[in-house]
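Contents: one structure, followed by commentary.
FYI, side chains are in, hydrogens and waters are out, and symmetry mates aren't considered; it's all heavy atoms of this structure. Because the structure is a prediction, the values reported are computed rather than measured.
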Amino acid sequence: MQLMMFLLRRLIRLVLSLLVVSALTFGLLSLAPGSFAGIQAAGAGSTGLASGRSVDLTSQVQQRFGEDLPVWQQYKNWLGPALHGDFGYSYKYPESTVGELIVAKLPTSLALALIAVVLALMIAIPMGILAAARRNSPWDHGSMFVLTAATAFPTYLAGILLVLIFSSWLHWLPTGGWSGPRYAILPIIALTIAPAGVMARYVRSSVLEVLREEYVVAAFAKGGSRRIVMRRHVLRNALMPLVTVVGPLLTGLVVGTIFIETIFGVPGIGGLFTEAAQVRDMPLLMGTTLVFALMLMLVNLLVDLSYAVIDPRTRTGLGLSTEPAERTSGPAAVEAMMEEVKP
């Protein structure tokens with residue numbers, strides 16, 4: 001019951017947030033010179049689409065977003081169908097609805113982002129743990145220098161350098177396109193570099209912080225096996241902050257594919273957003289913006305739920321439990337842990 005109430009509260013908050021995002025986005029687009037109907041008509045004529053579907057679309061846009069209508073009325077005309085999942089037809093692609101375009105392009109961007117996050121985790125977790133375990137060693141200083149540089153490396157610059165090295169100089173991989181697995185290698189590497197650096201630094205800091213906790217120090221002092229203490233207690237508590245980082249990073253990677261998809265010619269939602277922005281395709285801009293916002297909110301919800309699964313102490317703070325949080329330090333916690341670490 002508590003879980004259902006928690007989900008209900010978060011879903012209500014999510015819906016209200018999406019309404020605010022949609023209103024702000026619509027208002028900002030309305031401030032730009034020109035009207036939505038005029039832009040659509042001009043775009044249709046310049047691309048040779050001023051017949052068939054485009055003529056009907058121009059008439060519909062004029063009725064819903066004409067210059068004689070106030071902005072609030074235009075937003076209301078857009079919001080009604082949008083609440084039922086109808087974002088209208090794209091100005092640039094008048095033969096397809098916004099929903100159809102997003103459904104066709106989103107899986108590509110999600111696949112790139114998911115693979116990049118998994119690869120970044122595979123790199124960051126062992127490197128962060130080794131750096132913390134060998135604190136102030138050459139490995140620690142060297143790896144942290146490389147990871148810090150990777151964190152500060154812009155994704156678009158990484159993509160350009162990868163093309164220069166592996167495509168232009170070495171001729172190992174294609175410069176762009178989307179015709180097979182080989183075409184995904186450079187985009188995935190470009191998306192992985194910065195998140196791997198961020199997560200590895202979080203892992204190192206978290207492991208060092210947990211190693212300084214009283215119960216961990218006491219466990220080592222009483223003869224607890226280093227392997228068991230690290231696996232059962234240090235790593236579990238140290239990796240918790242990583243859950244908070246992974247969620248926004250995943251969403252950020254989906255949004256960040258705007259640059260990578262443009263550089264490598266990947267047919268994803270990032271490239272779709274770029275095309276919509278170039279021609280001020282209002283329905284497509286509204287649809288892609290709301291998809292990005294929805295993904296961020298859903299990821300934050302999943303992060304909160306995963307926290308409750310990983311660490312029961314957070315359930316009270318999230319409203320999922322009324323029981324007091326258990327102590328994680330002090331004599332009682334040390335004795336309880338020592339029972340677990342005994343060989």
Side-chain angles (χ1 to χ4, degrees), residues 43 47-49 90-93 95-96 98-127 143 146-200 246 248-279 281 284-285 287-289 291-292 295-296 299:
T47 56
L49 296 174
S90 166
Y91 296 172
K92 185 175 177 62
Y93 304 100
E95 298 299 327
S96 302
V98 172
E100 291 171 348
L101 292 171
I102 291 176
V103 170
K105 303 291 186 179
L106 184 59
T108 301
S109 298
L110 286 177
L112 285 177
L114 285 172
I115 294 173
V117 167
V118 172
L119 185 59
L121 285 171
M122 293 173 63
I123 296 171
I125 292 177
M127 289 190 69
S143 61
V146 172
L147 292 171
T148 301
T151 303
F153 215 62
T155 302
Y156 65 88
L157 183 57
I160 294 173
L161 288 178
L162 288 171
V163 170
L164 290 175
I165 295 172
F166 294 100
S167 299
S168 299
W169 295 348
L170 299 177
H171 303 288
W172 289 354
L173 295 169
T175 57
W178 197 251
S179 302
R182 294 178 67 247
Y183 292 82
I185 295 176
L186 291 184
I188 290 173
I189 294 175
L191 289 172
T192 301
I193 294 175
V198 172
M199 290 189 286
V246 170
L249 276 178
L250 175 59
T251 309
L253 283 176
V254 176
V255 178
T257 56
I258 293 174
F259 301 106
I260 295 300
E261 290 175 4
T262 302
I263 293 172
F264 292 98
V266 178
I269 192 172
L272 198 65
F273 178 84
T274 303
E275 293 178 356
Q278 290 174 344
V279 298
D281 188 337
L284 193 54
L285 277 173
T288 51
T289 301
V291 168
F292 288 143
M295 286 192 297
L296 180 60
V299 167

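Rounding to the nearest 0.5 Å places CZ of Phe292 at 8.5 Å from CG of Leu106. With rounding to the nearest 0.5 Å, the separation of CG in Leu191 from CD1 in Ile115 is 10.0 Å. Annotation: the span from Thr175 atom OG1 to Leu162 atom CG amounts to 12.5 Å, rounded to 0.5 Å. Atom CD1 of Ile260 and atom CG of Leu186 lie 9.5 Å apart (nearest 0.5 Å). Summarising the geometry, atom CZ belonging to Arg182 is positioned 5.5 Å from atom CG belonging to Leu173; distances are rounded to the nearest 0.5 Å. Rounded to the nearest 0.5 Å, atoms CG (Leu147) and CD1 (Ile193) are 11.5 Å apart.
Val163 is listed as a side-chain neighbour of Phe264, based on a closest heavy-atom distance under 4.5 Å.
Between Ser109 and Gly268, the shortest heavy-atom contact is OG-CA, 3.4 Å. Of all the heavy atoms in Leu121 and Met199, the pair that sits closest is CD2-SD, 3.5 Å. Of all non-hydrogen atoms in Ala200 and Ala124, the two that sit nearest each other are N-CB, 3.4 Å.
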Checklist entry - Between Glu261 and Thr274, does a side-chain contact (heavy atoms from CB on, under 4.5 Å) hold up when you go through it step by step? => result CA-CA 9 Å; Glu261 290 175 4; Thr274 303; over 6 Å; no

Next on the checklist: What verdict does the side-chain contact (heavy atoms from CB on, under 4.5 Å) test give for Phe273 and Thr289, after you've listed the backbone C-alpha separation in whole Å, the side-chain angles of each residue and the deciding distance to 0.1 Å?
Outcome noted: CA-CA 8 Å; Phe273 178 84; Thr289 301; 3.7 Å; yes

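Side chains of Glu100 and Tyr93: a donor-acceptor N/O pair is absent below 3.5 angstrom, by distance only.
Test Val266, Thr288, Leu272, Leu110 against Lys105 for side chain to side chain contact (heavy atoms under 4.5 Å, CB included) and you get one pass: Leu272.
Under the 3.5 Å distance criterion, the side-chain polar atoms of Ser167 are left unmatched by any main-chain donor or acceptor of Leu164.
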